[in-house]
Amino acid sequence: MTSAAPPRAAAPQSAAPRTATLASALNSALRDAMRDDPSVHVLGEDVGTLGGVFRITDGLAAEFGADRCLDTPLAEAGILGTAVGMAMYGLRPVVEMQFDAFAYPAFEQLVSHVARMRNRTAGRMPLPITIRIPYGGGIGGVEHHSDSSEAYYAHTPGLHVVTPATVADGYGLLRSAIASDDPVVFLEPKRLYWSKDDWSAEAPTPIEPIGRAVVRRQGSSATLLTYGPSLPVCLEAAEAARAEGWDLSVVDLRSLAPFDDETVAAAVRATGRAVVVHESAGFAGVGAEIAARVTERCFHHLAAPVLRVTGFDIPYPPPMLEEHHLPGVDRILDAVSKLQWEQ
Amino acid sequence: MTSAAPPRAAAPQSAAPRTATLASALNSALRDAMRDDPSVHVLGEDVGTLGGVFRITDGLAAEFGADRCLDTPLAEAGILGTAVGMAMYGLRPVVEMQFDAFAYPAFEQLVSHVARMRNRTAGRMPLPITIRIPYGGGIGGVEHHSDSSEAYYAHTPGLHVVTPATVADGYGLLRSAIASDDPVVFLEPKRLYWSKDDWSAEAPTPIEPIGRAVVRRQGSSATLLTYGPSLPVCLEAAEAARAEGWDLSVVDLRSLAPFDDETVAAAVRATGRAVVVHESAGFAGVGAEIAARVTERCFHHLAAPVLRVTGFDIPYPPPMLEEHHLPGVDRILDAVSKLQWEQ
Amino acid sequence: MTVLDHDLATAWTPDAHGPRRDPAPLLPESEPVRILGTPALRRTVDSPGGPELLRDLHRRLVVGRRFNQQATTLTKQGRLAVYPASTGQEACQIAVAGALRPGDWLFPSYRDTLAVVSRGVDPLETLTLLRGNAHCGYDPYEHQVAPLSTPLATQAPHAVGLAHAARLRGDSTVALAMVGDGGTSEGDFHEALNFAGVLNAPVVFLVQNNGYAISVPLAKQSAAPTLAHKAVGYGIQGRLVDGNDAVAVHTVLGEAVQHARSGAGPVLVEAVTYRLEAHTNADDAGRYRSAEEVAGWRERDPLTLMERHLREAGVLGDQEVAAAAAEAEELADRMRTLFHVKPELDPMSLFTHVYAEPTPQLREQAAQLAAELAAEAATGAER
Amino acid sequence: MTVLDHDLATAWTPDAHGPRRDPAPLLPESEPVRILGTPALRRTVDSPGGPELLRDLHRRLVVGRRFNQQATTLTKQGRLAVYPASTGQEACQIAVAGALRPGDWLFPSYRDTLAVVSRGVDPLETLTLLRGNAHCGYDPYEHQVAPLSTPLATQAPHAVGLAHAARLRGDSTVALAMVGDGGTSEGDFHEALNFAGVLNAPVVFLVQNNGYAISVPLAKQSAAPTLAHKAVGYGIQGRLVDGNDAVAVHTVLGEAVQHARSGAGPVLVEAVTYRLEAHTNADDAGRYRSAEEVAGWRERDPLTLMERHLREAGVLGDQEVAAAAAEAEELADRMRTLFHVKPELDPMSLFTHVYAEPTPQLREQAAQLAAELAAEAATGAER
Ligand SMILES: Cc1ncc(C[n+]2csc(CCOP(=O)(O)OP(=O)(O)O)c2C)c(N)n1
Ligand SMILES: Cc1ncc(C[n+]2csc(CCOP(=O)(O)OP(=O)(O)O)c2C)c(N)n1
Ligand SMILES: [Mg+2]
Ligand SMILES: [Mg+2]
């Protein structure tokens, strides 16, 4: 089993970059991984004939057959448990959970087996499983279709937790996740599925290693630490902040576990102020970890406590009210304004 | 349905306090709650005839009958889901999950229904369910018998998460949990089940309201923030710290959600230094939340960053190695020594 | 020497006859029960109250179909966020309401809005979830209807618990849980049926087997002879019925509810039907099923079947058909009116019902939102 | 007009015969299969290799019992943290190993240490989990044995996935998963059997029905006619066997494995047996079952049955019995020796196998522990 297959050679034709959506880049990543490695198998609800409710697996059953892209019965624990058995036999399963909240039935399989099998067997039985989960809100979804469940996974030792925010990372990180010999919970920000960027399936970006954050915007006044669906909001907030005289850095974490302490701490030290932004409920969320570890590492560089802008500690609201729940530009700027500038 | 029944009148005989274990105080709390309120029903695996694998439900089936203390089939989602239906019909179910890791199959019921039913129905359908979960390590348990799963629950809006560390709180908090009209995840530190204290079932301590932390030891140098199984360790560390010249406060949180910001912030401000201690994996654990919110509230009172002493970010180890994983006195003192005393 | 069953039984169970039971009485019929087009229809027609019952079923079918159509139209107008139509399954949906008494409880799945409305819940309140202004829009206690359940099969154990609690209280309540063919694959379905069997709870499980779970056909969902055969594994009664035959579903569900109410135990009913529309308005059913297949099922449309057979049997005439259509139009009118009004939204309601009392944390967060809203309002006023 | 099954079938399934199948061939026998004490034993004795097979089964039973006894003794000496004995269930445990070929996979539950040892795994490595020095002590790939699964029934879907993968690879591998009667109530059991049926995976599920899940008797666990009847709900074959009859379990499991290997589909085997000891050494079985009940089952001890019937049939004599006992003592001796040595423990191993490469976070934490250990060692050296 290859642990990091190189990206496929560029296809013959035009090399000019074109525009692509995150959804299509994810689809390309799956296709290329399946072409490169016959042990890669996709399974989940509606992933075959339909190509997934978000069409991320579109065309895979047609190209690779129903066995490589399997429509399963409707049972998430069964899907993940079956994937565990397939991985034990040398396959490299990529599981799709249809929505964030519908991954919960597989929680026991994930926590008690997927995360622990390598450890339990002293490294003899690794489980190279990728678990793709469309997550987060902002798409007008009804109850149970907008959960941000990253904290549950990030808190579970033995899992990698990765979430792309750009089209290129959709491709690069998913290729890495599939090539990883560790289980990866791959969280896809569903409201960015249709976001576009310059990118071409014919000349895909290289594989992005897991575990590295990236500074998306370099500033000097304060640093926004964020990931996934909140990245575009933070970039927008950073633009808006210029009017207030603040020049903000924006860090895209990309990988929640492992965590890139180096990049994050450097970015925070450079500005002395930081705000963490994410959609999920704040209490005991990933933002708490980020704030705590940044403070541990950068205490004497901080002019103000690291603040958090997160979803409220409430069940995800009905669609017509979600705008009030989601961290938006104003709420981020409010937090920035509280970073004790008068000192 | 009463929302907070008064404790039962003291029994006729001797008022002299006697010694009791946490296990027996929990048993008394269940018995008294069942006597006071016929809508209280206990259900779970082996809770009836056997009285539970930890004997917390001992004698309840004999006193109240098999219907009030029900041995269920072996299926945790089914147990909790059945309890949901019972609560919908006006009962007040108390569910026992046999061990921490065996509550995971019920995760979907807990997160998607128990935590949300009141919210979903605009308050019309509250679910007064208590979910008792023996948790944590230190008892030499094999795999899956020593998980600390509090962060999963504390991060889930709609749940209260409570954990007693003393015999009296075992009684007082469990009575409150059962009387609460909200669902309560009641985490019982299993290695303290056999810890003893002055306490008598004949004159039980009053009901302890949920949501209040308590300062177990008043000190001046630094504050240890902890809960559940780590409380005795912290008290021991505080004693040992005297030799090093440190006089430590120890705060027992008791309730993780809601969180007692007032007591905690006051205790930290008073000393200017703090260490959070818990058994569960540190990454995105409850300790991160505590450190982050204490820092947000007490930044300018802090002489050093809030540090954390937690379990490592690894699957719970086999019994013979658990001592190296669990936060012990030395590790706590090490952290205290890093609180930048030289400043 | 032989090990006697009888010995095993006394050893393990309080009951000398258990655990071994004869499976035969639990097995479903080998063909779905049908009444339309069979001699049984004539018997119904000739029974006292029969013609009224039949006309009533027909009327409710017609109204139900209109409900589905109008709700679908509302999605096109952007007045509903999404609608999973039960078009083609109306016979099952209305039969549920007919089989239950007041006091009985219904546990619907996300597609079962018509069953909920048929039970008496206001259409606007029923559709709130799908409109997007609130989660469950109705008071579950008003008509004894649990919230529409989106996580599949998770409401099945709730039905068991409620039925069990009611029996402990001495009430004669029956709970009925609705699950799709896909939902039967979930662990919660299994655990619910098992608990029901063990507790002998007065609960009926209705599986609407419409052949698909979104795009996944039944053959990829289950290899069972029929879904009703699952009953035997739980020691409960299995029944198989033609889900497009409104009279048959009404009859079989009525018997099942009666069976449960009598204390004879839970029943699993599989109703064989078809979803004529896409999974929801957002789905493209052409990706996974052929026009011919759908056309074949349109010929077996429960409404068409019902009207044809009742006309043939002489219990339905133009007048009744017209009256039903008028009632259907009235409902559609009412729905249009109801949905014409914009819902009132209170952002502060986000915090109201998370707990009985908001926690200190939620009070802080509510204050933050209130301040934001006030600031916005001020800015708005300034402009 | 009638809705034809045949129409339904073509509409929904790729296969014109599905989804309706005749349940009869899937139903288990109404009485557990027995061979000891029946004419079938004589036929086995008279078949080529029969006497050797029978003597071998007897020998393995005797050794298995001794394994259980010695492991229990080790708990009393504090050399094992806990031991869930399979005493009384040895016929099932050894039959599993006999039914599988090298290359086949075993998915044991926490109680099935004897099955694991019978498959060839070293006793010390098998018992590591229960000794407490490591989790899974053996290499699963060496003898194709998955780690002992503590969370009940969770290993069943793994068996399905592995069997499915093997079939895709064109291998003739069969996977066998062991579950207890209590474990059948879990959702994972259901989902595994359903996946197995749909995928037609070469997998055998062995349910050792020992009448109890800790303290909970079967009657509170399931109302099914037998647990084997659950098979029909998944379209797979159910079998019922006397789990205390070593020859019968060996035969039925062998047939089941052959059935699965041939591509005919999965099989669910229920073996009716009894746990003679407490749940584990920490359990007090007197709280939930009577001495008479246990005594009744002691009379049907699989060892006693086997020895009596084989002696009667003339295939077993004092010499074989003595040889078996000697082999058993040898194993016990070996176990004592193995467990006499204190396990080597490396605290730093806590960090070694969490991921393929330790994360930066784990490297920091490992450094912390290393420093602590060094400091301790220094203090120790000082003293
Ligand atoms: C636990 C869970 N997993 C996945 C989904 C996503 N989902 C919604 S409807 C559906 C298909 C349901 O099929 P079926 O049970 O047959 O009901 P039908 O749609 O045919 O009424 C799926 C997979 C869900 N709602 N809940
Ligand atoms: C998911 C899960 N829930 C609970 C337990 C705790 N537990 C361990 S053994 C046991 C009883 C198992 O009964 P059964 O399946 O009949 O197996 P047996 O012990 O009889 O071999 C229970 C409840 C567990 N291990 N896993
Ligand atoms: Mg369906
Ligand atoms: Mg058992």
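Every chain is numbered from 1 and lettered A, B, ... according to where its sequence line falls, protein lines coming before strand lines.
Both the backbone and the side chain of D/L129 come within less than 4.5 Å of a heavy atom of chain B. If you measure heavy-atom distances from B/F312 to chain D, the contacts under 4.5 Å come from both the backbone and the side chain. The parts of D/V216 that come within reach of chain B are both its backbone and its side chain, each placing non-hydrogen atoms under 4.5 angstrom from that chain.
Two rings, from B/F99 and B/F54, have their centers less than 6.0 Å apart.
Residues B/P229 and B/P232 approach most closely at O-CD, 3.5 Å, considering heavy atoms. Scanning both residues, B/L307 and B/A335, for their nearest heavy atoms gives CD1-O, 3.6 Å. When all heavy atoms of D/A271 and D/G243 are compared, the pair lying nearest together is CB-CA, 3.9 Å.
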Show, in sequence, the C-alpha distance, side-chain angles and deciding distance for B/L321 and D/L345, and conclude whether the side chain to side chain contact (heavy atoms under 4.5 Å, CB included) test is met. CA-CA 8 Å; B/L321 289 171; D/L345 294 170; 4.1 Å; yes
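With rounding to the nearest 0.5 Å, the separation of CG in D/D112 from CD in D/Q89 is 8.0 Å.
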Produce the donor-acceptor pair table for chain D versus chain B, cut-off under 3.5 Å.
| unit_1 | atom_1 | unit_2 | atom_2 | d |
| --- | --- | --- | --- | --- |
| D/G132 | O | B/M320 | N | 2.8 |
| D/H135 | NE2 | B/Y316 | O | 3.2 |
| D/S215 | N | B/D46 | OD1 | 2.8 |
| D/S215 | OG | B/D46 | OD1 | 2.6 |
| D/Q221 | OE1 | B/L74 | N | 2.6 |
| D/R287 | NE | B/L50 | O | 3.2 |
| D/R287 | NH2 | B/L50 | O | 3.4 |
| D/R287 | NH2 | B/D58 | OD1 | 2.5 |
| D/Q365 | OE1 | B/D313 | N | 2.8 |
| D/Q365 | NE2 | B/D313 | OD2 | 2.7 |
| D/E372 | OE1 | B/R331 | NE | 3.1 |
| D/E372 | OE1 | B/R331 | NH2 | 2.9 |
| D/E372 | OE2 | B/R331 | NE | 2.7 |

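Remark: D/D122 pairs with D/R334 by the side-chain hydrogen bond (donor to acceptor under 3.5 Å, both in side chains) rule, at least two apart or across chains.
Between chain B and the residues D/I214, D/V82, D/L130, the largest count of heavy-atom pairs under 4.5 Å involves D/I214.
Distance alone, capped at 3.5 Å, places no donor-acceptor pair between the D/N68 side chain and the D/A85 backbone.
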